[in-house]
Amino acid sequence: MPELPEVETVVRKLRNLIVDKKISNIEVLNSKSFTGDISKLIGSTVIDVRRRAKIINIVINDDLYLLTHLKMTGQYILQDGTIRAGGGHPSSDWVNNLPSRHTRVVFHFQDGSKLFFNDMRKFGWIRQNTKQQLEQSFAKLGPDVIEPELTYEYLKSQLQRRTIPIKQAIMMNEILCGVGNIYACDSLNDAKISPFRPAKSISDLELKNLILSMKKIVNMAIDKGGTTFDGMYVDVDGLAGSYQDSVLTYGREGKNCYNCGSLIKKDKLGGRGTYYCPTCQK
DNA sequence: CGGAGTGTTAGTCG
DNA sequence: CCGACTAACACTCC
């Protein structure tokens with residue numbers, strides 16, 4: 001799943017669900033999915049759940065954080081008696097018994113509830129960090145697309161030297177965070193800019209429009225709870241986001257561009273599927 | 001059944 | 001510094 005809107009959705013749900021819960025045990029079913037010292041975590045209480053870029057930050061105390069990245073297929077599900085809630089990449093794990101075949105880590109809380117980290121492809125991770133480690137890993141990240149820190153002046157300074165295609169540039173986390181493949185395609189369509197243009201060739205006016213488009217699209221996707229493309233699973237209650245109903249280009253190959261009516265084309269750029277309108281995206 | 005494709009991002013190499 | 005490419009992995013689709 002997750003691009004920034006999906007991660008934000010998971011963070012909001014997790015914050016409601018696990019803040020103030022006391023960790024009684026952590027069960028690691030796949031050693032690559034968890035890095036940390038479990039003995040330091042047992043007995044501690046979750047005091048907040050935050051987000052930076054697509055990284056979820058479960059705050060234990062001022063110098064102890066559990067950073068977690070869902071990558072392509074991670075999901076968190078809280079099981080409290082018979083009640084389940086959570087978010088992430090949708091899968092049939094939601095309706096199956098937990099732990100499932102894809103459960104990698106289980107947090108046990110003192111009140112008897114359990115938080116399952118499922119991750120089919122095992123790209124995701126949970127890493128225990130000190131404050132210093134957290135600051136180090138966040139220092140490499142550009143500003144979040146939806147934050148005021150992402151200004152025209154900043155982005156211009158980042159792009160004016162670069163010759164890579166603009167689509168790849170806006171997906172680079174060291175430049176700005178929160179724009180993945182879906183939202184990169186849609187933002188460029190909204191701003192009427194071709195994804196293949198060299199970053200440095202974008203004019204001042206185009207760049208201003210692109211920033212507005214990125215912020216608009218990502219904020220709208222957050223409001224809609226993210227995007228769920230796994231057609232198989234969108235029916236599971238409470239699971240799917242609904243941005244896919246508003247998507248401008250992604251997955252719409254051969255359909256009409258909402259702006260000019262031409263047919264949306266799919267090409268490959270930097271190894272990623274790239275959807276765009278060859279007519280109105282200049 | 002084999003091979004391609006998948007929403008992410010580190011890391012390497014030139 | 002810049003950019004191209006690949007690996008990490010499991011599953012679905014054609």
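FYI, side chains are in, hydrogens and waters are out, and symmetry mates aren't considered; it's all heavy atoms of this structure. We name chains A, B, ... by the order of the sequence lines, and we start the count at 1 in each one.
Rounded to the nearest Å, the gap between the P atom of dC5(C) and that of dG5(B) is 15 Å. Comparing dC14(C) with dG7(B), their P atoms sit 15 Å apart, to the nearest whole Å. Taking atom P on both nucleotides, dA4(B) is separated from dT6(C) by 13 Å, rounded to a whole Å.
Aromatic ring centres of Phe196(A) and Tyr276(A) lie closer together than 6.0 Å.
Ion pairing between a basic and an acidic side chain is recognised when a charged N comes within 4.0 Å of a carboxylate O; Lys131(A) and Asp62(A) show no such pairing. The existence of a salt bridge linking Glu174(A) and Arg162(A) is confirmed by a sub-4.0 Å separation between a basic side-chain nitrogen and an acidic carboxylate oxygen. Between Arg121(A) and Asp119(A), none of the side-chain N atoms (NZ, or NE/NH1/NH2) sits under 4.0 Å from a carboxylate O, so this pair counts as no salt bridge.
Residue Met120(A) places its side chain closer to dA10(C) than to any other of dA4(C), dA10(C), dT8(B). Checking dA10(C), dG7(B), dT6(B) against the side-chain heavy atoms of Asn181(A) singles out dG7(B) as nearest. Between dG7(B), dA4(C), dC11(C), one nucleotide has an atom nearer to the side chain of Arg101(A) than all others, and that is dC11(C).
Between Gln168(A) atom CD and dT9(B) atom P the separation is 14 Å, expressed in whole Å. For Tyr275(A) and dG5(B), the OH to C1' distance is 10 Å, given to the nearest whole Å. The separation between Lys200(A) atom NZ and dG3(C) atom P is 9 Å, rounded to whole Å. Separating the CG atom of Leu141(A) from the C1' atom of dA10(B) is a distance of 13 Å, rounded to the nearest angstrom. At whole-Å resolution of the value, CG in Leu4(A) and C1' in dG7(B) are 13 Å apart. One atom, CG of Leu269(A), and another, P of dA4(C), lie 9 Å apart when rounded to the nearest Å. The CD1-C1' distance, from Ile55(A) to dT9(B), rounds to 10 Å in whole Å. Rounding to whole angstrom units, NE2 of residue His102(A) and P of dC9(C) are separated by 14 Å.
Taking only side-chain nitrogens and oxygens, His69(A) comes nearer than 4.0 Å to OP1 or OP2 of dT9(B). For the pair Lys268(A) and dT6(B), the criterion of a side-chain N or O lying under 4.0 Å from OP1 or OP2 is met. One finds a side-chain N or O of Lys32(A) lying less than 4.0 angstrom from the OP1 or OP2 phosphate oxygen of dC9(C). Residue Lys71(A) places no side-chain N or O under 4.0 Å from the OP1 or OP2 atom of dG7(B). Within the structure, a side-chain polar atom (N or O) of Arg161(A) is placed less than 4.0 Å from OP1 or OP2 of dC2(C). Considering only side-chain N and O atoms, Arg162(A) lies nowhere under 4.0 angstrom from the phosphate OP1 or OP2 of dC1(C). Note on Arg272(A): every side-chain N or O is 4.0 Å or more away from OP1 and OP2 of dG5(B).
Just one residue in the list Arg52(A), Arg51(A), Lys224(A) forms a salt bridge (Lys or Arg N to Asp or Glu O under 4.0 Å) with Glu8(A), and that residue is Arg51(A).
Mapping Lys140(A) and Phe123(A) onto DNA chain B by nearest heavy atom places Phe123(A) closer to the 5' end of the strand. Between Asn173(A) and Gly273(A), it is Gly273(A) whose nearest contact on DNA chain B lies nearer the 5' terminus. Nearest-nucleotide assignment on DNA chain C puts the 5′-proximal partner with Ile164(A), out of Ile164(A) and Lys122(A).
Evaluation of atom-type donor-acceptor distances gives no pair under 3.5 Å for the side chain of Arg121(A) against the base of dT8(B).
Formation of a donor-acceptor pair under 3.5 Å by the Ser201(A) side chain with backbone atoms of Arg197(A) is not found in this model.
Under the Watson-Crick or G-U wobble criterion, with both distances below 3.5 Å, dA10(C) is paired with dT6(B).
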